[in-house]
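Order of the sequence lines fixes the chain letters, A, B, ..., with proteins taken first and strands second; residue numbering starts at 1 for each chain.
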Number of protein chains: 2
Amino acid sequence: MAKRPTIRDVAEAAGVSKSLAAMVFSSEAGVSADRRDKVLAAAKKLGYTPNQWARSLRSGSGSFVGILLNDLHNPLLTEIADLTRNALLEKGQQSFVSAVVISEKNGKRFVEPSSIHSLLDLKPKGLVVVGGLPDLKPFKTLPEDVPVIIATAPAAGLPNATVVRSDDDKGLWLLVDHLVDLGHKRIAYVGPDDSPNSIARMSGYKKAMLDRGLEKYIVTQVAERNEAGGYAAAKLLLQDKNAPTAIIGFNDNIAFGVQGAVSEHAKAGMTPVAVAGYDNTYVADLARVSLTSIEQEKEAIAMKVSELITNPRVAAEYRGREITLLPRLVVRNSTLKPS
Amino acid sequence: MAKRPTIRDVAEAAGVSKSLAAMVFSSEAGVSADRRDKVLAAAKKLGYTPNQWARSLRSGSGSFVGILLNDLHNPLLTEIADLTRNALLEKGQQSFVSAVVISEKNGKRFVEPSSIHSLLDLKPKGLVVVGGLPDLKPFKTLPEDVPVIIATAPAAGLPNATVVRSDDDKGLWLLVDHLVDLGHKRIAYVGPDDSPNSIARMSGYKKAMLDRGLEKYIVTQVAERNEAGGYAAAKLLLQDKNAPTAIIGFNDNIAFGVQGAVSEHAKAGMTPVAVAGYDNTYVADLARVSLTSIEQEKEAIAMKVSELITNPRVAAEYRGREITLLPRLVVRNSTLKPS
DNA sequence: TTGTATGCGTTATCAC
DNA sequence: GTGATAACGCATACAA
């Protein structure tokens, strides 16, 4: 198959020098109109598009923004990555999404450093990290003027990064508040406690309960971050004599598992238990699921991120700081009707 | 921040020439043990890892496999991409996942060619395309010896690609067969008809109905490929006097919408309608959803793909051919109990 | 305005 | 076994 044309092929076809042809694609001015047209025509005919990686290599920095996606399975993260990419596209900013490799070595999951280096070696002009990475050290090799924005996760040890995330304390306060208003007192929380993110939410739950004078009803149950984890944890909670009347899950996935356990509980003739999740995944909105959840305002996050990455002034202003957005409660059947 | 060390830094630190240092990382032999150790020690101390893109540029081909992800929102595709990546990792094959950009121009969605070129310019040693791309022309610029594998989609006009997908005819046959065994006759199909993939499934449905002698009950309703599309289409079907007693959706997402419409239908006192989807997304397995679906054997697809990409002999053998895997029926409540 | 030379980080081809 | 040199595709400082 035909080899990809290079700028030399274009120059030759247009009858000009390589550098002249290069100028047509790099800087706007500096080339006479007729020659520029010739080059453009030749490029179009050959189907030439610049190799942006060679460009990165030479210039020290590319013209694209790198988006590092933490987990392909998490709909919240893929959604935010996609929204960010679209927001950047609207500003005319190219981006490149790549997914981190997570491998497992003797039972422990960790991020392959090479999958981070791969993106950094492409020399992005800015970097967006979507989701919490356990180790952000590799990013320290980035040049000073490359902004790093971390979406929906704390900046574990990266002093110059900007964090854009929604306020977990507020989110859990909204959930607890909503449930208390419905008459619940025994409100339990189910979720992991192995990451900054999960710890923040659990702590938000406790603060909210305290705030409502319900400290003696605080019950937390550790769970793995998937449906099965939520199911198992809820089963444990529900067999207690002082079983909760409402359960909040760390995220929607866990809450789905809780819903499963709660359904079985209700079928056994027990009083129905309210369930709420977090992240407002599209699944939560399905008619059959109808799970009350917290919307992290993904669009707002994406907009903020794209603004930070494209506007150097704003980027400089927020370097090393955290931008906190207000989450929003989305009430659905799981906390209203009996399930 | 510290700049990323290059091979020159390593060579200098080890007191050897760049070429010698390079040999340590490229070929196994050809360098004396003591110098090799010196280089390795220096590399470790500086935290050096080779820039694989510069390597690609020079060698004409990198050491990694490119995985092009069609749609970040489709759980089937992200799952297959991830499984493929893991299968490759187990064979010691690095891979790089990047997502295509889909933009919208005057109402029409299309793939940004630049997002494909970006990955091709990295010069992968093999390419995996996950999901159906409307236009595969850009891949024609790949060298002859770079295998292209297309997962879960037809090879629209790429004669040298290998396709790995499951048999849609068989999948729809399994669904229709299952429903007929349960006593259904009025089995309708809901889904789009705007892509090779969707046309294949719709045709599979018709063949299966014919095969069971139910040609006079064939009813298809076009729907957009999302929950809302399924909901709207099902609403239309259900208001008919000869409403179907079972509805098959093009994929799970559409079937979720159908489930919503069917629930409302049942609440209005009508006889419950069976629903089935396709792709066996993790959502289908949620207790509250419990949707009968077709498993495309994602693991098997990923295994096949990774074998094709890593084994040149197998790749050559299947070049230009299609590998069809057998799908599997997963029965859940949506086709059993009244919903 | 146009062409030439140099280098980004790497590997391949030579000499030595 | 080792080291200098060219080249991958591109951009830029410089000279013409």
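- Trp53(A) has its CH2 atom 20 Å from the C1' atom of dG7(C), to the nearest Å.
- With rounding to whole Å, Leu122(B) atom CG is found 14 Å from dC10(D) atom P.
- Between Thr6(A) and dG9(D) there is no side-chain polar atom (N or O) within less than 4.0 angstrom of OP1 or OP2.
- To the nearest angstrom, C1' of dC8(D) lies 16 Å from CD of Gln52(B).
- Checked against dG9(C), dT2(D), dC10(D), the side chain of Asn51(A) finds its nearest nucleotide in dC10(D).
- Leu133(A) is listed as a side-chain neighbour of Ile116(A), based on a closest heavy-atom distance under 4.5 Å.
- Closest to the side chain of Lys123(A), from the set dC8(C), dT1(C), dC8(D), is dC8(C).
- Consecutive Watson-Crick or G-U pairing (both distances under 3.5 Å) extending over three or more pairs maps onto DNA chain C as C:3-16 with D:1-14.
- Residue pairs meeting the ring pair (Phe, Tyr, Trp, His ring centres under 6.0 Å) criterion with at least one member in residues 74-96 of chain B, sequence neighbours excluded, are Phe96(A)-Phe96(B), Trp53(B)-Phe96(B).
- Taken from OG in Ser118(A) to CD in Glu112(A), the straight-line distance is 10.0 Å, to the nearest 0.5 Å.
- Contact check, Arg4(B) against dT10(C): no side-chain N or O comes under 4.0 Å of OP1 or OP2.
- Rounding to the nearest 0.5 Å gives a distance of 11.5 Å between CD1 of Ile149(B) and CD1 of Ile67(B).
- Rounded to whole Å, atom P of dT10(C) lies 8 Å from atom CG of Asp121(A).
- In plain terms, the two heavy atoms of Val39(A) and Val10(A) that are nearest each other are O-CG1, 3.7 Å.
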Tabulate atom names and distances for all N/O pairs under 3.5 angstrom spanning the protein and nucleotides 11-15 of chain C.
unit_1: dT11(C); atom_1: OP1; unit_2: Arg55(B); atom_2: NE; d: 2.6
unit_1: dT11(C); atom_1: OP1; unit_2: Arg55(B); atom_2: NH2; d: 2.9
unit_1: dT11(C); atom_1: O2; unit_2: Arg58(B); atom_2: NE; d: 3.2
unit_1: dA12(C); atom_1: O4'; unit_2: Arg58(B); atom_2: NH2; d: 3.1

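- With respect to Glu144(A) and Arg319(A), a salt bridge is recorded, a charged nitrogen being found less than 4.0 Å from a carboxylate O.
- In this model, the phosphate group of dG9(C) is not approached by any side-chain N or O of Arg8(B) to a distance below 4.0 Å at OP1 or OP2.
- Separation of atoms CD (Glu12(A)) and CZ (Arg8(A)) is listed at 9.5 Å; rounding is to 0.5 Å.
- Within the structure, a side-chain polar atom (N or O) of Ser32(A) is placed less than 4.0 Å from OP1 or OP2 of dT2(C).
- Judged by distance alone, with hydrogens and angles left aside, the side-chain atoms of Gln94(A) form no donor-acceptor pair with the main-chain N or O of Ser115(B) at under 3.5 Å.
- The CG-C1' distance, from Leu20(B) to dC16(C), rounds to 14 Å in whole Å.
- With salt bridges taken as basic N to acidic carboxylate O contacts below 4.0 Å, one links Asp194(B) and Arg225(B).
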